[in-house]
J.: 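Have a look at the structure that comes next, please.
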Amino acid sequence: MKIVVFGPESTGKTTLATQLAAHYKTTIVPEFARIYAEAKQQKGEKLTSEDVLPIAKGQLRLECKASGSELLICDTDILETITYARLYYPEFKSETLQKYATKNTANLYFLTYIDTPWKADGIRDIPHKRAEAFQEFQQTLKTYNQPHILLKGSAEVRLQKAITEIDKLRAIH
């Protein structure tokens, strides 16, 4: 079973994914884009549209390495890469990326809302576009017809709702 925590920057995705993985004593797949962006930043480079495919491939590799778990918690996935590509590089198109996105689905997405304070961290850079970004993320889930639950509120409220939804899903499977 694959669960993805999904949404714009600074909405508590990593916190929630880490909490869920700890709660279920399972594997977490980190956000490859952050690892990649930090490495480029250390070299004094910025991300470009040329980085979209390497980021998507890196995310898929991380998921494949962790795929032996009964429950996999992903701090984002390839749909997140596609959404950010649309936000930052509207001209970017890739049939390969689209193909992988339709094959690489999850059992459930938790869409994190923008009701958390935005925090600068050297990588995040669009605090003025939070509402627009949220709409893009929501649209991606609709476009790819992915099952999702909107999470709002405090970290504790989000965690409890996510646990409830995962437990429901596990009972069905």
Side-chain angles (χ1 to χ4, degrees), residues 1-9 11-21 23-40 47-113 123 126 132-151 158 161-163 165-173:
M1 183 178 305
K2 177 180 166 184
I3 305 296
V4 178
V5 183
F6 187 80
E9 63 183 24
T11 57
K13 293 184 302 291
T14 300
T15 298
L16 179 60
T18 302
Q19 291 171 325
L20 288 171
H23 176 81
Y24 290 105
K25 297 175 178 53
T26 192
T27 304
I28 183 172
V29 177
E31 179 185 9
F32 184 78
R34 172 167 286 281
I35 297 164
Y36 188 94
E38 287 173 348
K40 282 199 82 162
L47 293 176
T48 70
S49 62
E50 298 292 316
D51 296 308
V52 174
L53 286 177
I55 288 170
K57 288 176 185 176
Q59 189 67 44
L60 288 172
R61 272 193 304 275
L62 290 178
E63 286 181 30
C64 285
K65 284 181 185 176
S67 65
S69 298
E70 177 188 322
L71 177 63
L72 189 63
I73 305 293
C74 299
D75 180 3
T76 78
D77 75 345
I78 194 169
L79 290 183
E80 183 114 358
T81 305
I82 287 172
T83 307
Y84 274 119
R86 270 200 328 266
L87 281 166
Y88 283 92
Y89 318 109
E91 73 289 349
F92 177 82
K93 303 285 185 261
S94 169
E95 288 182 28
T96 302
L97 191 55
Q98 296 299 324
K99 181 178 87 173
Y100 280 105
T102 57
K103 290 181 179 181
N104 187 45
T105 58
N107 297 87
L108 184 61
Y109 282 82
F110 289 119
L111 176 60
T112 53
Y113 193 62
I123 300 294
I126 55 171
E132 177 187 336
F134 178 79
Q135 293 302 320
E136 285 290 331
F137 279 90
Q138 195 169 43
Q139 185 57 51
T140 297
L141 293 173
K142 289 177 184 174
T143 298
Y144 287 89
N145 197 28
Q146 294 301 303
H148 63 279
I149 302 288
L150 177 63
L151 295 181
R158 290 173 182 219
K161 184 169 183 179
I163 289 170
E165 295 299 330
I166 290 171
D167 289 349
K168 283 188 217 174
L169 195 58
R170 290 177 87 190
I172 293 168
H173 290 276

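The first residue in the sequence is number 1, and the count goes up from there.
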J.: I need the Thr143 OG1 to Gln98 CD distance, nearest 0.5 Å.
T.: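 These two atoms lie 9.5 Å from each other.
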J.: Kindly state each residue pair satisfying salt bridge (charged side-chain N to carboxylate O under 4.0 Å, His left out) with at least one member in residues 59-75, sequence neighbours excluded.
T.: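 Applying salt bridge (charged side-chain N to carboxylate O under 4.0 Å, His left out) to every pair that reaches into residues 59-75, excluding sequence neighbours, yields Lys2-Glu63, Glu70-Arg170.
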J.: Considering non-hydrogen atoms only, spot the tightest contact between Ala106 and Pro147 and give its length.
T.: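 Nearest heavy atoms, Ala106 then Pro147: O-CG, 4.1 Å.
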J.: Side chains of Tyr89 and Leu47: closer than 4.5 Å at any heavy-atom pair?
T.: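 In contact.
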J.: Might you point out which heavy atoms bring Phe92 and Ala85 nearest each other, and give the distance in Å?
T.: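 Looks like CD2-CB, 4.0 Å.
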J.: Give, for atom OH of Tyr109 and atom OG1 of Thr140, the distance between the pair rounded to the nearest 0.5 Å.
T.: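 One gets 9.5 Å once the value is rounded to the nearest 0.5 Å.
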J.: So, do Val52 and Tyr84 sit near enough that their side-chain heavy atoms are less than 4.5 Å apart?
T.: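 A side-chain contact under 4.5 Å is absent here.
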J.: Passes side-chain contact (heavy atoms from CB on, under 4.5 Å), Gln139 versus Thr83? Steps please.
T.: CA-CA 9 Å; Gln139 185 57 51; Thr83 307; over 6 Å; no
J.: Would you say the side-chain atoms of Thr15 pair up with the backbone N or O of Gly12, donor to acceptor, closer than 3.5 Å?
T.: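 Not a single qualifying donor-acceptor pair exists.
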J.: So, taking the atom named CZ in Phe134 and the one named CG in Leu111, what distance separates them when rounded to the nearest 0.5 Å?
T.: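 Here the interatomic distance stands at 4.0 Å.
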J.: Less than 4.5 Å apart, any side-chain heavy atom of Tyr144 and any of Thr102?
T.: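 Side-chain contact under 4.5 Å: yes.
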J.: Show the nearest heavy-atom pair for residues Pro54 and Asp51, with the distance to one decimal.
T.: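 Result for this residue pair: CD-O, 3.2 Å.
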J.: Do Leu20 and Ile163 have side chains that approach each other closer than 4.5 Å (heavy atoms only, starting at C-beta)?
T.: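 Leu20 reaches Ile163 side chain to side chain.
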J.: Which distance, rounded to the nearest 0.5 Å, do you find between the CD1 of Ile3 and the CD of Glu165?
T.: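 So the CD1 of Ile3 and the CD of Glu165 are separated by 9.5 Å.
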J.: To the nearest 0.5 Å, tell me how far Ile28 CD1 sits from Leu62 CG.
T.: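 So the CD1 of Ile28 and the CG of Leu62 are separated by 11.0 Å.
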J.: Determine whether Ile55 and Gln59 satisfy the following criterion, side-chain contact (heavy atoms from CB on, under 4.5 Å), listing intermediate values before the conclusion.
T.: CA-CA 6 Å; Ile55 288 170; Gln59 189 67 44; 5.5 Å; no
J.: Kindly state each residue pair satisfying salt bridge (charged side-chain N to carboxylate O under 4.0 Å, His left out) with at least one member in residues 79-90, sequence neighbours excluded.
T.: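 Found Lys13-Glu80, Arg86-Glu136.
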J.: List the atom of Asn104, the atom of Asp77, and the distance in Å for their closest heavy-atom pair.
T.: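 Closest pair (atom of Asn104, atom of Asp77, distance): O-OD2, 4.2 Å.
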J.: Does atom OH of Tyr36 have more than 12 heavy-atom neighbours, drawn from other residues, nucleotides or ligands, at distances under 6.0 Å?
T.: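 Atom OH in Tyr36 is crowded, with more than 12 foreign heavy atoms closer than 6.0 Å.
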J.: For the residue pair Phe137 and Thr112, establish whether any side-chain heavy-atom pair is separated by less than 4.5 Å.
T.: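 Side-chain contact under 4.5 Å: no.
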J.: Heavy atoms only: give me the nearest Leu53-Ser94 pair and the separation to one decimal.
T.: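 Closest approach of Leu53 to Ser94, heavy atoms only: CD2-OG, 3.6 Å.
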J.: Is it the case that atom CG in Asp167 sees more than 12 heavy atoms from other parts of the structure closer than 6.0 Å?
T.: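 Count over threshold, so yes.
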J.: Roughly how far, to the nearest 0.5 Å, is the NE2 atom of His23 from the CG atom of Leu71?
T.: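 Spacing of CG (Leu71) from NE2 (His23) equals 9.5 Å.
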J.: Taking C-beta and beyond as the side chain, do Ile172 and Lys168 meet within less than 4.5 Å on heavy atoms?
T.: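 Answer no - side chains too far apart.
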J.: Which atoms form the tightest heavy-atom contact between Leu150 and Lys161, and what is the distance?
T.: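 Taking Leu150 first and Lys161 second, the nearest heavy atoms are O-NZ, 3.4 Å.
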J.: Answer whether the closest heavy-atom distance between the side chains of Ile78 and Phe32 falls below 4.5 Å.
T.: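 They are not in contact (no side-chain heavy atoms under 4.5 Å apart), so the answer is no.
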J.: Does the side chain of Phe110 come within less than 4.5 Å of Arg158's, by heavy atoms?
T.: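 They are not in side-chain contact.
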